[in-house]
Structures are given as structure tokens and as C-alpha cells.
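Owing to the predicted nature of the structure, the values given are computational and were not obtained by experimental measurement. Note that these values count all heavy atoms, side chains included, but never hydrogens, waters or copies made by symmetry. Every chain is numbered from 1, with letters handed out A, B, ... down the list of sequences.
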Amino acid sequence: MLKKLIKIVAISMISTTIVFAANFNAQAEKDRKAFVDYFLKKFENPVANRDKYFPYVPLKELKKDYIYPLKFQDFQDGPLSWYRPSKEQFAEINDFPPYEIPVDDGEELFNKPFANGKTYASCFPNPAIKQNYPYYDVHRDEIVTIGMAVNECRVINGEKPLKYGKGDLAKVVAYLAVKSRGKKIDIKIPNENAAKAYEAGKKLFYKQRGYLAISCNECHVKSAGKRIRAEALSPALGATTQMPVYRIKWGGLGTLQRRLAGCVKDTGSEKPKMQSKPLKELAYFLTYMSNGMKLFGPDTRK
Amino acid sequence: MISVKKLLAIAIMSAISTTVVNAASNEALVKEGRKVFVTKKQGNCLACHAVQGDPSIPQTGDIGPKLANLDAYPKAYLFEKIWDPNKTVPNTLMPPMGRSHKITKHQIDALVAYLQATTKSK
């Protein structure tokens, strides 16, 4: 009898722990489902649902220029997912993808021995890892981005860290991205502090900022699928799948954080520093929202 | 002594010239307003709005409605709308460019003049 009782108690304790463990991402999962659902509905049939989602877009343009219905994975194309003129233009540009040379450079850097004779492969024996970044490191109690991982690999091998956001660092990340193509984004929220970091990122995403009092949400959720001047606004769903990107404006590669920092600045706020806590939290949140989507970076952008 | 006739003439002249000056300054205001509308570092309104009656503005966005028939609104309403659009539409995507001091009161007057002169209802 007592034995039975102990067993029940033990089982219920175990299940409570499981429930608790699963709980850290309960809110995030709720958010993510609502997020995905919004985008799938919005891009199911823009012509039929014009009043609800695209009231000011001329019907003619909706019929001619919009690609729909969009399925979950289609959002990997960012601003090209829904806007036919951009999609066609970039399909042409990608006949000879401008990111190809930087990716080759990245591969070379990856395999080139450091002064101590080791290579990046000593840290990344399997380079198909981008789907897990950024991740919350419970021991260090902070978000670790893929750029940080690259630089930490250099430092433990006695090399100087690289400048974040572009250049050689972006090239190595681009090589890792190519190796991770087809892997599904898998961001975890392992403990309470991770859940807090997620919430902080979420807050930044929805916060109206700068003299324009505008938020990421307004441009990349509410206005996703509309144009700001000639630029087709990308849906926030899938926003990180294609990173790093080669931007014609930059004349080179840039990482997710470089892109995010630019958008923060464009809304009239101060440009945040690379690898600063808020920027990492924003990236953590945004990447979590695309969980389950296949990676296919790098890609080309305006 | 100035004759009544002469006085009258002066009065009429000055009345005419005021009108002339007004028309001229309104024209300048309209021109200035258009510039504020299309300049990125000023209003940057074209990012979101096309304008009825001014199809020559290149590459307008479509986040906001095509601005049309705005002469039907009182000037004060339009001023308020541009100064802080959240007052009329609490959750609007349109930024409060007056309230946040991105453009001046004078520039908003110019925008209103431009929009009312250009988007005339038929």
C-alpha cells in the first residue's frame, strides 16, 4: 500500500517536473502559433481579404503583383515571398549569386589553419549548426550567437576576434549557413532566464521607438505585404532563415545583427551595438518565431 | 490734404496687393509642402501615401491611403492629423511627426496647403 502511494507520489513529482520544464516556452509557443497563424491567414488570399489586410493597396496591384497563397515554408523568402516583381528581379540576379564568392572565401577561412595549426573545425566538427543559434547558454547565463561562437573559437585558439556584422566574420557565418541549409530552425527556451530574455526581445519588437514612434511590429507584421516607397516589406515570419544576406546596398555580406541594427536606426533610434544584450534578445525572439522553418541562407537583397 | 478719391485708390491698391501677395505666398507654401512631402529627411510622406492630382511623385508606398479630396476637411483637422495622428486613430501606423518634432508647425502648414491645393474634390 505504502509502496503504491510512494510510487504515485514519485510519478506525480516526475510529471510535475516535466510540466515545469516544458513551461519555460509555453508563452513563446502560444505567441509563435498566433504569429504563424496571422501570416498564413494574411497571405492566404490578399484579393479576397483586401478589406481586412490590404485596404489601401490597389486591387489591380493585388491581382497582378501578389504571390499567394503562401505556405509556411514560403516565408523563407522574406520580402521576395509575396511580391512578384522583387521575386523575379532577384531570381535573375541570383543566376550568378553575388554571395557565392564570399561563401567560397568563408570556406577557405574555415579550413585555413590558425597559428597553432588547428582550424575552425576543432570547434565545429559538424558545421551544420546554424539552426540552433542564437541559443541560451544556461551555464553562462546568456544568449550565444553564431558570431560569438566563431570569435570564441578564434580566441581559444590564440587568434584575435574578428569585427562583428560583416567582413571575414560574416563570410565564415555564411559558410556555416550554407552547410546548414535545409535544417529546421530549432531555438529552445531552457530555463526561466531564457524565458526572460525571450520576453525582453519580444518587448523590443513591439515597442514604439524613436521620433517616428514606430515598431518592428508595425512594419514587419501589420504592414508586411505592403510597400514603403518601392520597398516590399518582409514578413517577420521567416525573417532570419536567409541570413546572412548579401546586400547590394552594402556591397557585401551582413549578419542578422547588422540588418537589425540598421532597422532600429531607421526608425529614428540610436544604432545599437553589435552583440549588445538588447540586440541579442531581439534576435533570439525573432529566430524563435521562425522555429520549424528550414534554413536556406545566404541570399541576396537590395 | 489727400483727397477721398486718392485715399480710396490707395486702399484698393493695397487690398489688391495683399491678395496678390497672399496668392503668391500660398503658392510658395504649396511648393514647400510638396518638398516636405517627398523629402526623406523631412516628412517622407511618400513612403506611405500616393497623392491624388500629383501622379509625378515617384514610387509611393501603400501603407497609408491615397490622399484624396482633402480640401473637404478643415485645415485644423489636417494639421492635427499630421501633428499627431494617434489622436484620431489611436493605433495608426502613421508616425506623429509634429509631436515628435521631426517637422515644424510651419512645415505642417505647408503640407496642408499642398495637400488641399492638390487633392481637390470634383
Visitor: Measure distances from B:N86 to the heavy atoms of chain A and classify the residue's part below 4.5 Å as side chain, backbone, both or neither.
Guide: neither
Visitor: Other residues, nucleotides and ligands only: do more than 12 of their heavy atoms fall within 6.0 Å of CG on A:D37?
Guide: yes
Visitor: For chain A, which of B:Q59, B:H49, B:M97 has the most heavy-atom pairs under 4.5 Å?
Guide: B:Q59
Visitor: Could you report the tightest heavy-atom contact between A:R227 and B:D62, atom names first, then the distance?
Guide: N-OD1, 2.7 Å
Visitor: Under a 4.5 Å heavy-atom cutoff, which of B:G64, B:P65, B:G61 has the most pairs with chain A?
Guide: B:P65
Visitor: Identify, with sequence neighbours excluded, every residue that meets ring pair (Phe, Tyr, Trp, His ring centres under 6.0 Å) alongside A:Y56.
Guide: none
Visitor: Return yes when atom OH of A:Y68 has more than 12 non-hydrogen atoms of other residues, nucleotides or ligands closer than 6.0 Å, and no otherwise.
Guide: yes
Visitor: Please round to the nearest 0.5 Å and tell me the distance separating atom CD1 of A:I228 and atom CG of B:L46.
Guide: 9.5 Å
Visitor: Using a cut-off of 6.0 Å, state whether more than 12 heavy atoms not belonging to A:K273 lie near its atom NZ.
Guide: no
Visitor: Where on A:I214 is there a heavy atom nearer than 4.5 Å to chain B: the side chain, the backbone, both, or neither?
Guide: side chain
Visitor: Could you check if a side-chain atom of A:K222 sits within less than 4.5 angstrom of a side-chain atom of B:L93, using non-hydrogen atoms only?
Guide: yes
Visitor: Is atom NZ of A:K166 surrounded by more than 12 heavy atoms (other residues, nucleotides or ligands) closer than 6.0 Å?
Guide: no
Visitor: Using heavy-atom distances under 4.5 Å, tell me whether A:E231 contacts chain B through its side chain, its backbone, both, or neither.
Guide: neither
